[in-house]
There are 8 protein chains.
Amino acid sequence: MELTVYLAGQIHDDWREQVKAKAKEKSLPVTFVSPQTNHERSDNVGEDILGEQPDKTVKDDAASDINNFRTEVLMQKSDAVIALFGESYKQWNTAMDTSTAISMNKPTIIIRPESLVHPLKELSNKANVTVENIDQALDVLAYIYE
Amino acid sequence: MELTVYLAGQIHDDWREQVKAKAKEKSLPVTFVSPQTNHERSDNVGEDILGEQPDKTVKDDAASDINNFRTEVLMQKSDAVIALFGESYKQWNTAMDTSTAISMNKPTIIIRPESLVHPLKELSNKANVTVENIDQALDVLAYIYE
Amino acid sequence: MELTVYLAGQIHDDWREQVKAKAKEKSLPVTFVSPQTNHERSDNVGEDILGEQPDKTVKDDAASDINNFRTEVLMQKSDAVIALFGESYKQWNTAMDTSTAISMNKPTIIIRPESLVHPLKELSNKANVTVENIDQALDVLAYIYE
Amino acid sequence: MELTVYLAGQIHDDWREQVKAKAKEKSLPVTFVSPQTNHERSDNVGEDILGEQPDKTVKDDAASDINNFRTEVLMQKSDAVIALFGESYKQWNTAMDTSTAISMNKPTIIIRPESLVHPLKELSNKANVTVENIDQALDVLAYIYE
Amino acid sequence: MELTVYLAGQIHDDWREQVKAKAKEKSLPVTFVSPQTNHERSDNVGEDILGEQPDKTVKDDAASDINNFRTEVLMQKSDAVIALFGESYKQWNTAMDTSTAISMNKPTIIIRPESLVHPLKELSNKANVTVENIDQALDVLAYIYE
Amino acid sequence: MELTVYLAGQIHDDWREQVKAKAKEKSLPVTFVSPQTNHERSDNVGEDILGEQPDKTVKDDAASDINNFRTEVLMQKSDAVIALFGESYKQWNTAMDTSTAISMNKPTIIIRPESLVHPLKELSNKANVTVENIDQALDVLAYIYE
Amino acid sequence: MELTVYLAGQIHDDWREQVKAKAKEKSLPVTFVSPQTNHERSDNVGEDILGEQPDKTVKDDAASDINNFRTEVLMQKSDAVIALFGESYKQWNTAMDTSTAISMNKPTIIIRPESLVHPLKELSNKANVTVENIDQALDVLAYIYE
Amino acid sequence: MELTVYLAGQIHDDWREQVKAKAKEKSLPVTFVSPQTNHERSDNVGEDILGEQPDKTVKDDAASDINNFRTEVLMQKSDAVIALFGESYKQWNTAMDTSTAISMNKPTIIIRPESLVHPLKELSNKANVTVENIDQALDVLAYIYE
């Protein structure tokens with residue numbers, strides 16, 4: 001059974017590549033999709049496509065239009081979601097994507113360090129599974145195929 | 001990831017062919033579907049299939065039955081919608097299809113000239129993205145695959 | 001049985017007052033709600049509340065945010081929708097609200113002059129009932145209570 | 001028309017009391033509901049009700065069970081949501097509640113300071129309206145009744 | 001707990017009055033709603049409101065518009081449905097209303113004579129309860145209040 | 001675009017074979033599915049599988065369990081429904097399947113002879129298209145592919 | 001805010017009366033509804049209303065028709081569900097009602113003794129809150145009103 | 001037409017292998033999926049993946065997180081569900097999965113011995129079909145392909 005999994009979360013390191021590599025090692029028939037991971041492109045895509053905007057707020061809104069379009073298309077095509085929270089940044093998009101996934105009945109795994117147990121407790125409680133690292137998330141995904 | 005995109009909007013020029021050609025140039029794995037683009041056929045399909053109708057209103061209703069059947073089948077099979085508004089005609093079918101798509105949670109792009117910013121402002125506000133030309137719409141679509 | 005009915009449509013004359021007066025004459029236990037009918041207020045509400053915006057497009061978008069918020073709250077509280085189309089203006093908001101209502105399974109009546117039969121044919125076909133004047137719409141509403 | 005509005009957001013100051021007082025000044029027929037605003041009670045409610053838990057993670061999860069139960073009951077009864085983001089704290093519950101509300105088609109207003117425009121841009125883009133202070137949020141709410 | 005119950009079914013005798021009288025005897029706090037029970041009015045309502053139609057098919061369609069509008073409003077307000085099938089007439093509206101109610105998750109009781117067991121077997125199988133007479137239907141309704 | 005179409009309706013003649021043959025002539029990429037068309041098997045399948053039942057009503061209910069299971073699986077897999085009504089029999093299953101399809105937002109075509117215009121008027125009004133013969137239904141289906 | 005709470009679970013002791021009494025002590029504005037708690041009546045209601053059935057299986061099915069009708073009406077009217085599991089009996093109806101409530105997005109509290117932690121672990125995991133006794137369930141309910 | 005069928009139920013014998021073998025004999029194009037059938041692995045998967053937990057209740061909850069994640073992914077991909085109840089064990093997961101499937105509109109077959117007719121009567125009443133052995137369940141599945 002082939003599955004598509006959306007990888008929500010920060011875009012400041014290569015964690016998605018690690019997920020893909022480990023899934024390949026385990027020979028899981030899973031296709032991974034994700035938001036735009038080039039941070040600069042993600043911030044500028046509104047102006048890149050629509051041209052210069054009148055101020056920074058409008059520029060941000062134009063980028064958000066397009067980022068949300070992309071996420072909506074890809075999340076609707078997904079069978080499950082893995083969301084990674086790290087120790088830095090506000091990560092409200094990660095919280096937003098995770099909540100949206102849960103509301104859409106997408107089975108959801110949260111990855112977060114122990115230091116975030118307390119601030120993430122309500123979201124964690126609504127997700128299916130919360131783990132601490134990528135290996136554990138892959139173990140959960142692999143469990144579907146046992 | 002293969003996607004199906006419904007192209008809502010006026011049927012008075014070949015804008016859909018431009019969309020398809022540009023998507024092909026960009027090698028996007030997208031199948032485009034659309035309403036009946038032969039205007040005369042679209043207006044007459046009720047009488048073409050069901051025979052002469054008692055008056056023009058009934059003729060129009062018979063055609064609408066069949067046009068709406070077609071649109072419903074194709075929009076349900078689509079992953080996203082692009083709706084183009086031009087400067088002429090009432091284009092209520094375009095507004096209807098766009099609203100329906102949004103209500104069905106189909107991610108939606110509106111293409112409209114700057115002259116229509118004001119009258120389309122509420123619909124534009126509900127769509128995911130609004131752009132001014134076909135190239136920009138294709139850029140948004142291509143962004144899914146970056 | 002008390003009902004709430006949303007009155008979608010143009011805001012250039014007092015048609016909603018006529019609806020309310022005739023409903024009162026017929027003693028129908030119906031509460032009517034509607035979009036902002038003060039056109040200037042509707043266009044300026046974004047800047048009225050949020051302050052000056054960087055350009056006209058952003059001003060329009062700010063107004064739309066608030067107009068759509070209002071419509072969404074009121075339409076969700078409604079048991080049925082009456083949408084009036086006139087001969088002037090683009091009336092895309094009317095088409096949008098009508099389509100949204102139909103997609104939300106709100107029973108819907110369209111009022112439109114005979115001159116609009118053809119351009120409204122597909123939307124008319126999806127609504128429950130299409131009539132030509134306010135009296136007929138009220139007759140349909142009153143029919144629920146017979 | 002009486003409405004119920006859920007007030008999502010931080011629980012470190014008395015902003016909800018301000019909302020209620022201003023709504024009263026404007027004579028809006030709105031009932032406001034909210035999460036547990038006593039921070040200590042919110043954190044300890046799991047152990048308060050269920051007794052001592054084996055460690056802090058389990059204690060947090062027990063509290064979350066009950067906080068999420070409360071939020072789910074109250075948000076389902078609400079006609080709209082106002083979510084306030086401040087400059088401190090992670091505020092993932094605010095992001096979670098806002099996303100959930102949007103996914104449930106609850107019309108939603110975000111209040112956030114200008115400094116948060118960028119990190120909140122995608123969530124702001126999905127909400128109906130974003131404002132910068134409580135007065136503006138109340139103006140939007142009052143607009144429903146104009 | 002007050003309930004609203006839609007009474008679907010034939011309109012050739014006074015069975016709905018019997019239901020109401022028996023519910024009153026049992027002091028059930030139930031409001032009953034129903035389709036138009038004046039057969040002639042139901043058949044002519046399209047022309048009554050919209051004026052003469054070009055032929056009988058269009059006249060029928062005009063009446064159906066308005067009958068379906070009424071049914072949709074009232075069934076959405078109902079907590080349960082009782083549908084009575086008799087031995088005469090095609091009763092496709094009864095079958096349609098019953099199926100629609102079941103699809104809308106309205107708890108549904110069918111009343112039908114023993115002679116109709118076989119032709120109604122699949123619909124009966126999808127309804128919650130099938131009984132043979134009005135007294136039994138009222139007993140089921142009363143059971144909610146025991 | 002490949003489509004699956006459910007053929008609801010009477011099982012007393014070979015109309016489904018005609019539909020399939022005509023679709024093949026037109027080279028439509030459509031797969032047709034249907035209820036059990038062997039009438040005796042359909043009536044007896046409960047006892048065939050579960051053994052003798054205590055009386056005819058229970059036998060009918062056992063068959064209905066299995067017929068409804070089949071229909072539910074196949075209709076959920078379908079993109080559209082064609083329902084044929086003939087002049088004989090009660091055909092409540094056809095009315096039930098048509099209503100269910102419409103409630104599930106399956107685009108639906110009704111085929112019925114002119115003699116049935118009046119008794120089917122409300123159901124016809126809710127379906128997308130009503131035609132009088134198989135050729136016309138195939139023309140509507142083919143129109144999707146023009 | 002007045003709430004309606006469905007009390008699912010065994011009907012072999014007076015636990016529902018305890019719930020009601022304690023809610024009254026706490027002055028909670030909650031209306032409680034429940035399945036038929038007279039066990040004999042619940043088992044016999046099919047024959048009580050419909051007359052003698054051909055065998056015990058059919059008798060059971062007739063009773064279930066009516067019990068499920070009652071539960072469906074009452075659970076749809078409820079804002080939350082409390083489900084109590086005891087140490088005896090199979091209690092599949094309790095498991096069924098709890099799962100149904102969760103699938104319907106009804107916020108749900110499970111009460112179960114410590115001895116049932118293991119066999120109920122997956123259901124407990126899907127409910128909002130699991131507690132060990134009636135007092136704790138009432139504390140959770142009261143927490144909504146703090 | 002290829003179908004996916006989820007096999008809910010006890011994991012103490014090889015009944016799923018029998019189902020698969022019999023489906024192969026009948027050449028049914030059906031893919032079967034199921035919960036983790038290795039009982040020990042199912043009970044320990046939480047600690048296996050997440051490490052030692054503070055007590056047995058938390059260990060159980062950790063396992064349930066992952067088991068429920070697996071079930072949710074697989075049941076959403078399924079077109080129908082077969083649930084087997086045996087004479088031993090509490091089998092609340094079977095009752096939970098069956099109810100969830102029914103609430104998700106998954107066509108559902110229950111297999112249970114005659115001894116369980118009474119305690120399963122309400123759940124049985126909500127499922128599409130109830131049979132007594134695996135052969136009968138396969139006969140029902142095969143009936144789709146007749």
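So you know, we letter chains A, B, ... as the sequences are listed, proteins then strands, and number each from 1. In what follows, every heavy atom counts, from backbone to side chain, and hydrogens, waters and symmetry copies are set aside.
Counting heavy-atom pairs closer than 4.5 Å to chain A, the top-ranked of the candidates Thr71(D), Leu123(D), Asn93(D) is Asn93(D).
Under a 4.0 Å N-O distance rule, the pair Asp43(D)/Lys59(D) does not qualify as a salt bridge. Taking 4.0 Å as the cut-off between side-chain N and carboxylate O, Glu17(D) and Lys20(D) count as a salt-bridged pair.
Neither the backbone nor the side chain of Glu114(A) comes within less than 4.5 Å of any heavy atom in chain D. Both the backbone and the side chain of Thr57(A) come within contact range of chain D, each with at least one heavy atom under 4.5 Å from a heavy atom of that chain.
Neither side chain, Asn68(A) nor Glu72(A), offers a donor N or O lying under 3.5 Å from an acceptor on the other.
With rounding to the nearest 0.5 angstrom, the NE2 atom of His12(A) is 4.0 Å from the OH atom of Tyr89(A).
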